[in-house]
J.: 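For reference, the structure I am asking about is given below.
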Amino acid sequence: MTEKPLAICWFRQDLRTTDNPALRAAHAAGTVLPIYILDDDSADTWKMGGASRVWIHHALNSLDENLDESLSLYSGNALKVLTKLCKKYNVSGIYWNRCYEPWRIKRDKEIKEKLSKKGIDVKSFNGSLLWEPWENLKEDGTPYKVFTPFYKKGCLQASIPKSPQFRPRDIDFFTDKESLSTDDLGLLPDKEWHKSLVSEWDISEQGAKKQMKKFFADGVSSYKECRNILSQEHVSRLSPYLHFGLISPQTVWHSTKKLTQDSNTMTFLSELGWREFSYSLLYHNNALPEKNLQEKFDKFPWEKNKQNLHAWQQGKTGIPIIDAGMRELWQTGYMHNRVRMIVGSFLVKNLLLDWREGEKWFWDCLFDADLANNAASWQWIAGSGADAAPYFRIFNPVLQGKRFDPDGTYTRKYLPELEKIETKWLFEPWNAPGDILKKAHIRLGMDYPTPIVDLAISRERALAAFKSL
DNA sequence: TGAAATGTTGGGGCG
DNA sequence: ACGCCCCAACATTTC
């Protein structure tokens with residue numbers, strides 16, 4: 001037992017020092033013991049995937065640096081860890097920023113109840129959303145089910161998101177001697193895969209700011225038009241930073257508002273609105289990640305073709321734009337949003353595989369794997385969500401490739417075996433004349449797969465299957 | 001934040 | 001000059 005009262009700042013998905021309400025509260029309460037708990041015990045089926053663990057390994061290291069190397073790390077059941085800390089030290093308060101995954105809400109509620117009873121000041125804050133999902137409701141008090149009114153009425157006419165706060169000065173830190181090291185947490189896989197994975201990312205609070213500034217400097221001015229062009233970096237790539245809270249949505253919102261307002265900034269802000277919408281859907285539908293929002297989808301006869309699923313996961317479907325996207329995911333922990341829609345449509349409609357298979361794979365591979373966004377997006381593309389794509393909306397991977405990767409830069413980057421084929425045939429090599437393939441040194445079925453499905457036939461099959469609902 | 005099928009229109013070639 | 005056909009270009013409908 002030390003004499004000094006300690007305020008625990010429990011970092012979770014808010015791995016930053018600026019605009020962090022919990023850190024400010026802990027600082028105001030006294031000496032700060034900043035901690036992170038890897039709680040796989042409570043997480044159940046949705047414990048962090050492989051890519052997320054790699055990301056958080058680096059994010060914790062940089063957070064530790066930003067906290068004068070005083071971050072204490074633990075592994076195991078969060079209630080047990082916190083209870084133990086309260087026994088060991090004179091803890092006056094515990095402060096955290098809220099998470100919205102159902103399992104975390106349940107766990108945190110229990111922690112708050114149990115530790116409050118012991119006379120500890122336990123408080124949670126909003127550090128991850130622009131508007132709380134329980135506040136953003138329709139006039140009749142029920143949650144929104146459609147994005148447009150949710151955003152236009154619920155978000156834009158609601159209170160302005162609060163302004164970002166500076167990092168508190170002169171924090172008095174305390175470190176637990178029994179803290180684990182980041183390596184002890186075992187977040188990095190044995191495979192070498194994770195090393196190249198992180199090479200394109202600066203996983204730190206500063207890296208998040210840098211990424212935002214880069215986007216503001218050369219991406220946002222043509223965002224509305226160019227965000228769909230796959231080869232160009234006209235998207236913000238802020239999603240993993242937002243997910244883990246290396247930057248707050250308030251910071252992104254208000255920084256965008258400082259730019260000249262036009263249709264580009266409006267479109268970008270609405271993407272933050274989609275994030276809010278996903279969280280609202282999850283908050284009001286706890287089973288969103290597991291269960292069709294529309295019950296009639298429960299009887300949909302999904303195929304159980306392991307081979308096709310595997311080909312999709314490995315980027316070996318024989319359909320170039322699909323394979324390029326899936327390999328981008330594997331190689332970089334990220335996928336351009338337009339391609340996410342294309343590969344999602346392909347999995348669910350052309351392959352008739354259960355959207356939850358896609359959800360699981362993305363959960364494991366994406367740096368920005370986010371329970372709310374991932375589940376809401378997969379239900380959207382499958383058509384099983386509330387405000388979902390209609391069943392007949394089936395993307396044609398050949399047309400999408402030609403339209404959004406017109407010079408083939410993106411597709412060739414991830415499919416070097418198709419490097420030499422002229423762009424005209426790049427997105428449908430199976431239709432290319434023999435001499436064209438020969439000239440490009442492509443033997444279909446050897447250098448690059450023949451398509452695992454016929455696009456026209458599988459489209460008709462999907463239309464029939466979905467129509468029967 | 002779709003694609004394909006079908007319908008409509010209008011200019012130009014041609015007898 | 002006129003009617004006819006063809007077909008691109010665009011619009012609408014359907015899944």
J.: Picking from B:dA3, C:dC15, B:dT1, which would you name as closest to the side chain of A:W380?
T.: B:dT1

J.: Tell me whether the OP1 or OP2 atom of B:dG2 has a side-chain N or O from A:R403 closer than 4.0 Å.
T.: no

J.: Round to the nearest Å and state the distance from A:R459 atom CZ to B:dA3 atom P.
T.: 9 Å

J.: Whole angstrom is fine here: how far is it from CG in A:N350 over to C1' in B:dG2?
T.: 12 Å

J.: For the pair made of CZ in A:F427 and C1' in B:dA3, what is the distance, rounded to whole Å?
T.: 17 Å

J.: Can you tell me which nucleotide in B:dA3, B:dT1, C:dC15 comes closest to the side chain of A:L463?
T.: C:dC15

J.: Looking at A:W103, I'd like to know if the NZ or CZ of A:K106 sits under 6.0 Å from its six-membered ring centre while staying within 45 degrees of the ring's axis.
T.: no

J.: Just compare C:dC15, B:dT1, B:dA3 and give me whichever is closest to any side-chain atom of A:L399.
T.: B:dA3

J.: Between B:dG2 atom P and A:I394 atom CD1, what is the distance in whole Å?
T.: 12 Å

J.: What is the distance from CD of A:E460 to C1' of B:dA5, rounded to the nearest Å?
T.: 11 Å

J.: Figure out the CG/C1' separation between A:L230 and B:dT1, and round it to whole Å.
T.: 13 Å

J.: From the list C:dC15, B:dT1, B:dA3, which nucleotide is the closest neighbour of the side chain of A:Q400?
T.: B:dA3

J.: Students often get this wrong, so: under 4.0 angstrom with heavy atoms, is A:F466 touching a base, only sugar-phosphate, or nothing?
T.: nothing

J.: How many whole angstroms separate atom CZ of A:R393 from atom P of B:dG2?
T.: 4 Å

J.: Are A:R461 and A:F466 in a cation-pi setup, meaning NZ or CZ lies under 6.0 angstrom from the ring centre and within 45 degrees of the ring axis?
T.: no

J.: Does A:R12 qualify as a cation-pi partner of A:W10, given the criterion of NZ or CZ under 6.0 Å from the six-membered ring centre and within 45 degrees of its axis?
T.: yes

J.: Using the six-membered ring of A:W201, assess whether NZ or CZ of A:R237 lies under 6.0 Å from its centre and within 45 degrees of the ring axis.
T.: yes

J.: Applying a 4.0 Å non-hydrogen cut-off, can you work out what A:R340 is touching in the nucleic acid: base, sugar-phosphate, or nothing?
T.: nothing

J.: Rounded to whole angstroms, how far apart are OH on A:Y391 and P on C:dT14?
T.: 12 Å

J.: Does A:N337 put a side-chain nitrogen or oxygen below 4.0 Å from OP1 or OP2 of B:dT1?
T.: no

J.: Looking at A:Y414, is A:R327 sitting on its ring face, NZ or CZ under 6.0 Å from the six-membered ring centre and within 45 degrees of the normal?
T.: no

